[in-house]
Amino acid sequence: RRACSWESGRGSSGSSREVVPEVVRDRDGHDHHLRELAAREPVDLLQRYAGLNPCWAVVTGERGVAAALCRGLAKRGFHVLILASDEVRGSVLAQDLRTQYGVESAFIACDVAQIGQSDEVAKRLLRVISQATGGGDIGVLVAAGGGDDLAMHFSDVTLAQNRKRANLNVLGTLGLAHAFLPRFVGRPCRSAFITRTGKSFAPPSSSLS
């Protein structure tokens, strides 16, 4: 929550303006001065989420934002496991991470949208992940979402297209959460579960409104 106010008066340009807040309040009710926050040293993500070495990050997707997240995590010292359906792109990205950042990286070809279909599917995936990481500790999970960018009217989008996007961004993410939660709860340190939906699926959307 932000501790700020809205100035209803109009300036010389005739438009209302928001007063820039100097204090922000976190979810626990503590106030923080923005200047102090800006002066803080960047958080060492590996130190925060690495309980046992090596520490892995699992990312769904092999292109766009997902690929950028993979590179950012590898740059910070995480080993990266990629879950995606495009075997060529996924394998190339994993090789690039190993070469450029000197970390371990693996790729598993799978349809993320199917992970939320049943508990058995999620359990099978966990077994495959354990083999791919050599039983390594996983501290970060990124459900990068995605799907076709269908910026069109609802009447122009088929039910099959919307169902595919819902399975990927909703059921797939739920399946990952249920699969990894027991592992995260049992870790001796923090874990991170980051979710992101495709921009065409996140509201407001012209095709879903």
Side-chain angles (χ1 to χ4, degrees), residues 26-28 42-87 89-91 93-98 101-147 166-198 201-202:
D26 62 26
R27 61 185 180 184
D28 296 321
V43 175
D44 186 333
L45 296 180
L46 188 62
Q47 182 179 11
R48 170 172 288 189
Y49 298 114
L52 302 172
N53 288 321
C55 187
W56 286 78
V58 177
V59 182
T60 64
E62 77 292 335
R63 67 183 74 188
V65 172
L69 288 169
C70 287
R71 296 184 186 281
L73 288 164
K75 183 178 180 180
R76 286 161 175 79
F78 286 91
H79 303 313
V80 180
L81 176 63
I82 305 163
L83 306 179
S85 56
D86 192 322
E87 294 191 37
R89 286 178 178 269
S91 299
L93 177 57
Q95 180 60 48
D96 287 346
L97 298 180
R98 290 191 292 269
Y101 301 105
V103 299
E104 295 184 43
S105 184
F107 167 72
I108 297 177
C110 72
D111 183 357
V112 177
Q114 297 298 317
I115 298 174
Q117 298 299 321
S118 69
D119 290 337
E120 184 56 36
V121 173
K123 291 178 181 178
R124 286 202 304 267
L125 176 64
L126 284 179
R127 290 194 291 267
V128 175
I129 288 176
S130 181
Q131 294 174 357
T133 61
D137 183 44
I138 297 173
V140 176
L141 171 63
V142 182
N167 285 340
L168 174 61
N169 290 285
V170 180
L171 292 182
T173 300
L174 283 175
L176 288 169
H178 280 282
F180 278 88
L181 181 60
R183 297 182 60 151
F184 282 175
V185 170
R187 296 183 76 239
C189 62
R190 294 181 179 182
S191 302
F193 181 22
I194 304 168
T195 62
R196 171 193 171 272
T197 60
F201 188 80

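- Atom CD of E104 sits about 11.0 Å away from atom CG of L81, to the nearest 0.5 Å.
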So R71 and K75, side chain to side chain contact (heavy atoms under 4.5 Å, CB included) or not? Walk me through it. CA-CA 6 Å; R71 296 184 186 281; K75 183 178 180 180; over 6 Å; no

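- Looking at every heavy atom in both residues, I138 comes nearest to F180 through CD1-CE2, 3.9 Å.
- Residue Y49 comes nearest to C55 through the heavy atom pair O-SG, 3.7 Å, listed as atom of the first residue, atom of the second, then distance.
- Atom-to-atom distance recorded for S85:OG and Q114:CD is 11.0 Å, nearest 0.5 angstrom.
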L141 and F184: side chain to side chain contact (heavy atoms under 4.5 Å, CB included), yes or no, with the steps? CA-CA 10 Å; L141 171 63; F184 282 175; 3.9 Å; yes

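- Expressed to the nearest 0.5 Å, how far OG of S130 lies from CZ of R183 amounts to 6.0 Å.
- What you find for A84 and E62 is that their closest heavy atoms are CB-OE1, 2.7 Å.
- The distance from atom OG1 of T60 to atom CD1 of I194, rounded to the nearest 0.5 Å, is 11.0 Å.
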Go through the steps to decide whether R187 and D137 satisfy the test side chain to side chain contact (heavy atoms under 4.5 Å, CB included), and finish with yes or no. CA-CA 9 Å; R187 296 183 76 239; D137 183 44; 2.6 Å; yes

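- Of the possible donor and acceptor atoms, one in the side chain of R76 sits under 3.5 Å from a partner among the backbone N and O of G72.
- The two residues S105 and L97 make their nearest non-hydrogen contact at OG-CD1, 3.5 Å.
- Here the CG-CZ distance, from L176 to F193, works out to 5.5 Å after rounding to the nearest 0.5 Å.
- Residue Q95 places its CD atom among more than 12 non-hydrogen atoms of other residues, nucleotides or ligands, all under 6.0 Å distant.
- Distance OG/S91 to CG/D96: 11.0 Å, rounded to 0.5 Å.
- Between D86 and F107, every side-chain heavy-atom pair lies at or beyond the 4.5 Å cut-off.
- When all heavy atoms of F78 and V140 are compared, the closest pair comes out as CE2-CG2, 3.8 Å.
- When the shell of 6.0 Å around CG of D111 is examined, it contains more than 12 heavy atoms from other residues, nucleotides or ligands.
- Nearest heavy atom pair, residue I82 against residue G90, reads CD1-O, 4.0 Å.
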